Structure formats: C-alpha cells, structure tokens
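Read the structure below first, then the notes.
Counting starts at 1 for both ligands and their atoms, following the listed order. If you're wondering where the values come from, they're calculated on a predicted model, not measured in any experiment.
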Amino acid sequence: MILACGEALIDMLPRESTDGEDCFAPYPGGAVFNTAIGLGRLGVDAQFFCGMSADFLGDILRGALDASNVDHTPSPRMVAPCTVAFVKLVDGQATYAFYDENSAMRTLAAAPEIEANALFFGGISLVGNGCGDVYEALMLRESPRRVTMIDPNIRPSFIKDVVAYRKRIDRMMAAADIIKLSDEDLHWLEGEGDLAELARGLVAKGAKLVCITQGADGVTGYTANHEVFVPSERAEVVDTVGAGDTFNSGTLAGLDRLGCLSKARIANLTAEEIREALHLGVRVAAVTVSRAGANPPTAAELGL
Ligand SMILES: Nc1ncnc2c1ncn2[C@@H]1O[C@H](COP(=O)(O)OP(=O)(O)OP(=O)(O)O)[C@@H](O)[C@H]1O
Ligand SMILES: O=C(O)C(=O)C[C@H](O)[C@H](O)CO
C-alpha cells in the first residue's frame with residue numbers, strides 16, 4: 001500500500017465561456033492529490049493524507065478520490081477553507097497563484113496510524129509550518145522502516161522563507177529512498193552545473209533512486225550502480241498540468257508491480273527494473289499532457 005501525503009486543492013483552469021468571456025473552471029488537483037489519483041487509477045492500493053475541507057469543495061476532492069479508488073480515510077475533515085490555485089497557461093505551460101492561508105490543508109496537526117509500506121511526500125504542503133511540520137516529522141519518523149519518496153515540485157513564488165524551506169527539503173531528501181526532481185527544480189536546489197553530477201551528488205547523500213525529469217525529452221534514473229535514460233513518449237500537448245505528478249504515480253506503480261517497494265529491494269534496483277518503472281512513468285505522463293488538466297490514465301486505458 002502507498003500513502004500519498006500532501007496537498008489536495010482546486011485548480012481553477014482558464015476557459016472561455018459560451019459568451020466569449022474569460023472564466024475559470026474548477027478541477028480537483030494538487031500535486032500530491034494528482035499522484036494519489038494516478039496510483040488509484042493504475043490499480044495500486046493507495047491512500048491519501050491531507051487536511052480536507054468539510055465544505056463542498058472538499059466534497060469534490062473526496063468524490064474524485066473515491067472515483068479513482070483512493071482511500072481518503074486518513075484525511076481529517078476540517079472546518080476551514082479549501083486551498084485554491086488559479087492557473088495561467090502560456091503555450092500549455094502552467095504558472096499558479098495559490099490561495100492557501102488558514103486552509104484545511106495548512107492547519108493539519110497530526111498524522112494517522114500508518115499501514116502503508118511506502119510513503120510519498122511533496123508539493124506546496126512542504127512549504128511553511130503547520131502541515132509542513134507534520135509531513136516532515138512523519139517522513140523522518142517512518143523512513144527507517146518504510147520506503148519514502150519526495151518530489152518537492154518547487155513553486156518559487158509560493159515560498160516566503162527560502163532558507164527554512166531549503167533546509168526542510170535537504171533534510172527530507174537526505175532521508176528519502178526515492179527523489180524526483182525536474183531539471184529546473186534540481187538547479188533551484190543544487191545550483192548550476194551538470195545534471196548528472198548534481199544527481200549523483202544526491203545519490204552520494206543516501207538516496208537509492210534519483211529521477212531527473214526533462215519535460216518532453218524524458219527522464220534519467222540514477223542509483224549507486226546504474227544510470228538509465230528513458231525518453232518521453234510522443235504526445236500532442238494540450239497542457240502540462242500534472243505531468244510530473246502523473247509521472248510519479250507511474251514510476252511508483254511500476255516499482256510496486258515489480259515488488260520493489262521494500263527497503264531491501266529499493267536499495268538494489270537492477271537497470272531493467274529502473275527502466276521498467278520509469279517507462280510506466282513516462283507513459284502515463286504522456287497521456288496526461290495530451291488531456292486538459294491533471295487527468296491520469298487508468299490501467300485499462302493503457303491495456304495493463
Ligand atoms: N511535451 C511532453 N510530451 C511528452 N511527455 C511529456 C511532455 N512534457 C512532460 N512530459 C512527461 O512528464 C514528465 C515530467 O515532466 P517535467 O519534467 O516537465 O516535470 P515537472 O516540471 O515536475 O512537471 P509539472 O508540470 O507537473 O510540474 C516528463 O519526464 C515526461 O515523461
Ligand atoms: O500542488 C501544486 O504543487 C500545484 O502546483 C498545483 C497543481 O494542482 C499541480 O501541481 C498540478 O500539477
């Protein structure tokens with residue numbers, strides 16, 4: 001079982017009304033939520049942990065999790081607003097304006113009992129205090145015995161205390177078995193330089209698998225013994241909302257199908273196992289970029 005820990009929110013995607021007016025349409029989203037949905041749709045036994053609003057926006061999110069077979073019982077219902085992200089699309093590339101103060105997600109105070117063998121963390125839920133503290137403490141507590149993965153999915157405009165944020169992400173990456181970073185996020189965290197050298201630096205600090213994604217080009221997986229490049233699948237891009245989040249779900253689902261989500265197996269991945277897991281990641285991500293918003297495919301759509 002995989003527990004996805006982090007934000008659920010409403011993405012307000014830009015649309016045009018039938019009268020030709022600019023407007024926004026609500027879609028369930030949030031980086032970690034998207035990863036949970038992707039896992040559920042791929043048939044993985046998946047749970048989701050986030051403070052979720054008791055209001056009707058929270059109901060939209062819970063309904064979407066139910067529809068994709070993701071168990072949200074670890075997520076407390078809270079009398080607080082739902083986080084909202086307004087999205088601006090330029091050539092299919094998204095930028096976000098977040099409304100998150102005093103939200104249900106932000107005011108999360110305690111972690112549930114953990115049943116999962118693997119935990120996934122990431123996104124804006126790791127910025128700042130409140131839920132950020134809860135998620136960090138949970139990861140550091142559980143990482144000695146369960147497989148952990150992090151994708152910080154950095155949104156620089158959302159980060160107020162950059163020094164504190166960098167320290168948190170460093171601590172969490174040092175504890176993580178699997179790190180996923182886009183090339184942009186890798187440079188934001190580790191500075192200029194050669195991607196492979198920077199990624200190898202993260203492996204040297206303890207990560208068992210470091211995945212560096214490069215948009216339409218593809219992804220490279222780095223371990224102590226292997227470097228495996230998997231090209232992206234060709235896609236007619238509608239927008240890239242949720243590309244990285246869906247990639248995470250495919251890669252985790254791939255590792256799960258191979259039986260690699262244990263501490264022993266994740267530390268000894270073969271090149272073929274890395275290739276197979278990353279290949280499922282790029283396959284599902286290509287489907288998401290070819291559809292509006294974050295809309296990962298089901299196992300049936302992929303013929304799995
Ligand atoms: N234009 C594209 N065509 C096909 N696949 C793509 C395209 N863009 C992204 N992908 C797939 O999505 C994966 C993740 O993309 P990217 O490197 O942009 O991550 P990201 O920045 O985390 O994404 P996000 O937009 O969700 O923040 C890539 O490794 C690739 O498999
Ligand atoms: O949750 C985040 O980090 C966001 O940027 C909001 C979006 O719903 C999400 O990333 C879509 O990929």
Please report whether ligand 2 has a polar contact with Ala31, defined as an N or O pair separated by less than 3.5 Å (distance criterion only).
yes
Lys/Arg N to Asp/Glu carboxylate O, Asp170 vs Lys167, below 4.0 Å:
no
Which bit of Phe33 gets closer than 4.0 Å to ligand 2, counting heavy atoms only: side chain, backbone, both or neither?
neither
Partner residues of Phe229 under the ring pair (Phe, Tyr, Trp, His ring centres under 6.0 Å) criterion, sequence neighbours left out:
none
Shortest protein heavy-atom distance from atom 5 (O) of ligand 2, along with the residue and atom involved
Arg155 NE, 2.7 Å
N/O to N/O under 3.5 Å, ligand 1 against protein:
residue  : atom   : partner : partner atom : Å
ligand 1 : 17 (O) : Thr213  : OG1          : 2.8
ligand 1 : 17 (O) : Gly215  : N            : 2.8
ligand 1 : 19 (O) : Thr213  : OG1          : 3.4
ligand 1 : 22 (O) : Lys180  : NZ           : 2.5
ligand 1 : 23 (O) : Gly244  : N            : 3.2
ligand 1 : 25 (O) : Thr240  : O            : 3.2
ligand 1 : 26 (O) : Ala243  : N            : 3.3
ligand 1 : 26 (O) : Gly244  : N            : 2.9
ligand 1 : 27 (O) : Asn153  : OD1          : 3.4

Taking atom CD of Glu301 as the centre, does the number of heavy atoms from other residues, nucleotides or ligands within less than 6.0 Å exceed 12?
yes
Hey, is Phe98 one of the residues with a heavy atom under 4.0 angstrom from ligand 2?
yes
Do any nitrogen or oxygen atoms of Val241 lie less than 3.5 angstrom from nitrogen or oxygen atoms of ligand 2?
no
What part of Ala85 sits under 4.0 Å from ligand 2 if we count only heavy atoms: the side chain, the backbone, both or neither?
neither
Considering the heavy atoms of Gly242, write down every atom of ligand 2 situated less than 4.0 Å from one of them.
11 (C), 12 (O)
Ring pair (Phe, Tyr, Trp, His ring centres under 6.0 Å) with Phe98: which residues, sequence neighbours excluded?
Tyr96, Phe158
Charged N to carboxylate O under 4.0 angstrom, Arg257 versus Glu276?
no
Which is closest to atom 7 (C) of ligand 2 in terms of heavy atoms, Asp11, Asp239, Ile10?
Asp11
If the cut-off is 4.0 Å to any non-hydrogen atom of Asn34, which atoms of ligand 2 fall inside it?
9 (C), 11 (C), 12 (O)
The answer for which part of Leu9 has a heavy atom under 4.0 Å from ligand 2 is side chain
Which atoms of ligand 2 are found less than 4.0 Å from any heavy atom of Asn153?
2 (C), 3 (O), 10 (O)
Would you call Arg291 and Asp239 a salt bridge, using N to O less than 4.0 angstrom?
no
At less than 4.0 angstrom from any non-hydrogen atom of Glu7, what atoms of ligand 2 do you find?
1 (O), 2 (C), 3 (O)
Any donor-acceptor N or O pair under 3.5 Å, side chains Arg145, Asn117
no
Which atoms from ligand 2 have a heavy atom of Asp245 less than 4.0 Å away?
9 (C), 10 (O), 11 (C), 12 (O)
State whether a side-chain donor-acceptor pair under 3.5 Å links Thr73 with Asp71.
yes
State whether a side-chain donor-acceptor pair under 3.5 Å links Asp19 with Ser17.
no
Restricting to side-chain hydrogen bond (donor to acceptor under 3.5 Å, both in side chains), what partner residues turn up for Asp66, sequence neighbours left out?
His72
Taking 4.0 angstrom as the limit, do Arg171 and Glu136 come out as a salt bridge?
yes
Is a salt bridge present between Arg275 and Glu272, judged by a nitrogen-to-oxygen distance below 4.0 Å?
yes
